[in-house]
Amino acid sequence: MSSPSPKPTVNGSVPRHVAIIMDGNGRWARNRNKPRRSGHRAGVKSVRMSVETAAQRGVEYLTLFAFSSENWCRPEDEVSALMSLFVEALRREVDELHRNNVRLKFVGALHELDQKLRIKISKSEQKTAENTGLRLTIAIAYGGRWDIVEASKALARDVVDGTLAVDDIDDERFTAKLQLSGMPDPDLLIRTGGEQRISNFLLWNLAYAELWFTDVLWPEFDVSVFDEALKCYASKQRRFGHTGDQVETV
Ligand code: IPE
Ligand code: IPE
Ligand code: MG
């Protein structure tokens, strides 16, 4: 009988992996009678703060949802403002991330991005590849269903090639084909902006994540709000199907 691989955790622990749905930039801008793109711009400082705070608190993996597969449906000027912002943010932030020993990785349908951004992405990944500090993953043009479909295709190809038997497909082999392959599942998912939904983020990997939602809009997400989420996480008993008594005797 297979069981979820993560071990029950005791209270008071720091999540190894935090994932964040950075939502609310548009509303932040609208509240100030500004164009939506200024909300996205204002959100960059919250990204910087999250990276610094995660590293300081001992989080090993931070995964940020920056642009979903569905966000391609937004007005063309917003999409292009976001793409330019990604290029600019990489140009301005990568040296500092590198100095702070952060290892950067991008996941998603990156081939859909324009060439300028793809080049920036691969250069920033190469530059930080040997770093041993926080593992920062940015999801761009990412969708959880797309991720699962791509993993299924990869497994199917292995079966066709004769390198994998259908009956050998299991949780572990499936996970290994996903975009976050090699990383532990997120322990804590934070979503800003008031909505309590997953919006096609890491559908497979969030199976046992603790979910934490706040009305705070992404540009206003600060250290105290991040710490509130970590504190709430630390108060949870993660049972993974066990009983509370079983967890207490681990
Ligand atoms: C999140 O903020 C950023 C992206 C999805 C790219 P939104 O732009 O969705 O902000 P709201 O939800 O409209 O306020
Ligand atoms: C989710 O936010 C995607 C990102 C934060 C990148 P959305 O604003 O796109 O989500 P919905 O449309 O409100 O579900
Ligand atoms: Mg939104």
Side-chain angles (χ1 to χ4, degrees), residues 17-51 53-54 61-90 92-93 104-114 116-118 120-121 136-150 178-180 186 188-206 209-222 225-226 229:
H17 188 167
V18 175
I20 308 183
I21 300 177
M22 311 184 286
D23 195 22
N25 297 347
R27 280 163 285 163
W28 182 90
R30 194 185 53 207
N31 294 343
R32 286 163 180 72
N33 291 317
K34 288 181 174 176
R36 293 179 59 84
R37 66 173 181 282
S38 77
H40 298 313
R41 236 166 222 292
V44 176
K45 71 169 186 330
S46 304
V47 173
R48 211 176 288 129
M49 177 285 297
S50 301
V51 172
T53 307
Y61 299 84
L62 178 66
T63 299
L64 304 177
F65 202 8
F67 190 86
S68 74
S69 328
E70 291 71 30
N71 290 148
W72 288 119
C73 302
R74 292 193 176 195
E76 216 177 297
D77 63 333
E78 180 169 350
V79 171
S80 78
L82 275 163
M83 295 300 147
S84 306
L85 182 62
F86 295 147
V87 173
E88 189 189 320
L90 281 174
R92 277 192 296 162
E93 308 289 336
L104 198 51
K105 183 182 162 69
F106 287 80
V107 296
L110 303 181
H111 61 275
E112 293 174 359
L113 304 175
D114 74 29
K116 198 169 166 195
L117 180 54
R118 274 188 283 128
K120 278 265 169 242
I121 284 174
L136 173 62
T137 302
I138 314 275
I140 296 191
Y142 176 87
R145 288 185 173 182
W146 165 83
D147 196 0
I148 291 171
V149 168
E150 290 302 306
L178 290 164
Q179 295 281 297
L180 296 193
L188 170 65
L189 172 77
I190 296 173
R191 181 173 185 145
T192 61
E195 312 296 354
Q196 304 199 354
R197 55 181 175 243
I198 303 293
S199 298
N200 200 17
F201 197 22
L202 302 159
L203 297 180
W204 173 282
N205 315 73
L206 290 173
E210 299 297 326
L211 310 179
W212 193 83
F213 301 100
T214 175
D215 289 339
V216 169
L217 303 173
W218 179 250
E220 282 165 357
F221 186 71
D222 61 13
V225 186
F226 199 164

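Whatever order the structure lists them in is the order used to number ligands and atoms, beginning at 1.
Ring geometry, Phe221 versus Phe226: the interplanar angle falls from 30° to 60°, so the pair is classed tilted. Using cut-offs of 30° and 60° for the angle between ring planes, the Tyr142 and Trp146 rings count as perpendicular.
Counting only protein N, O or S atoms, the number found under 2.8 Å from the Mg ion (ligand 3) is 1.
At a 4.0 Å heavy-atom cut-off, ligand 1 touches Ala66 through the backbone alone. Proximity of Arg74 to ligand 1, defined as any heavy-atom pair under 4.0 Å, is confined to the side chain (atoms from C-beta onward). For His40, every heavy-atom contact with ligand 1 shorter than 4.0 Å involves the side chain, none the backbone. With a 4.0 Å cut-off on non-hydrogen atoms, Leu217 does not touch ligand 1 at all. Under 4.0 Å from ligand 2, not a single heavy atom of Phe201 appears. Counting heavy atoms closer than 4.0 Å to ligand 1, residue Glu195 contributes nothing at all.
Defined by atom type and a distance below 3.5 Å, a donor-acceptor pair is missing between the side-chain atoms of Ser84 and Arg37.
Across all their heavy atoms, Trp218 and Ser50 have their closest contact at CH2-OG, 3.4 Å. Smallest separation of non-hydrogen atoms from Ile190 and Ala229: CD1-CB, 3.6 Å.
With Arg74 contributing its side chain and Val79 its backbone, the two residues share no donor-acceptor pair below 3.5 Å. For Asp147 (side chain) and Gln179 (main-chain N/O), a donor-acceptor pair under 3.5 Å exists by modelled atom type. Side-chain atoms of Asn200 come within 3.5 Å of backbone N or O of Arg145 as a donor-acceptor pair. Judged by distance alone, the side chain of Arg48 and the main-chain N or O of Val44 form no donor-acceptor pair under 3.5 Å.
For atom 9 (O) of ligand 2, the nearest protein heavy atom (residue, atom name, distance) is Asn71 ND2, 2.9 Å. Distance from atom 5 (C) of ligand 2 to its nearest protein heavy atom, with residue and atom name: Met22 O, 3.4 Å. From the protein, the heavy atom lying nearest to atom 14 (O) of ligand 2 is Ser199 OG, 2.6 Å.
Here's the thing with Asp23: one of its N/O atoms is less than 3.5 angstrom from an N/O atom of ligand 2. The shortest N/O to N/O separation between Arg36 and ligand 1 falls below 3.5 Å.
Between Asn25 and the choices Arg36, Arg30, His40, the side chain to side chain donor-acceptor pair (under 3.5 Å) rule is met once, by His40.
Each of the following atoms of ligand 1 lies closer than 4.0 Å to a heavy atom of Arg27: 11 (P), 12 (O), 14 (O). Close approach of ligand 1 to Gly26 (heavy-atom distance below 4.0 Å) involves ligand atoms 7 (P), 8 (O), 10 (O), 11 (P), 13 (O), 14 (O).
Within 4.0 Å of atom 12 (O) of ligand 2, not a single protein heavy atom is present.
Within the 4.0 Å heavy-atom shell around ligand 1 one does not find Gly193.
Within the model, atoms OG1 of Thr63 and CG of Leu136 stand 7.5 Å from one another, a figure rounded to the nearest 0.5 Å.
Taking 4.0 Å as the cut-off between side-chain N and carboxylate O, Glu220 and Arg27 do not count as a salt-bridged pair.
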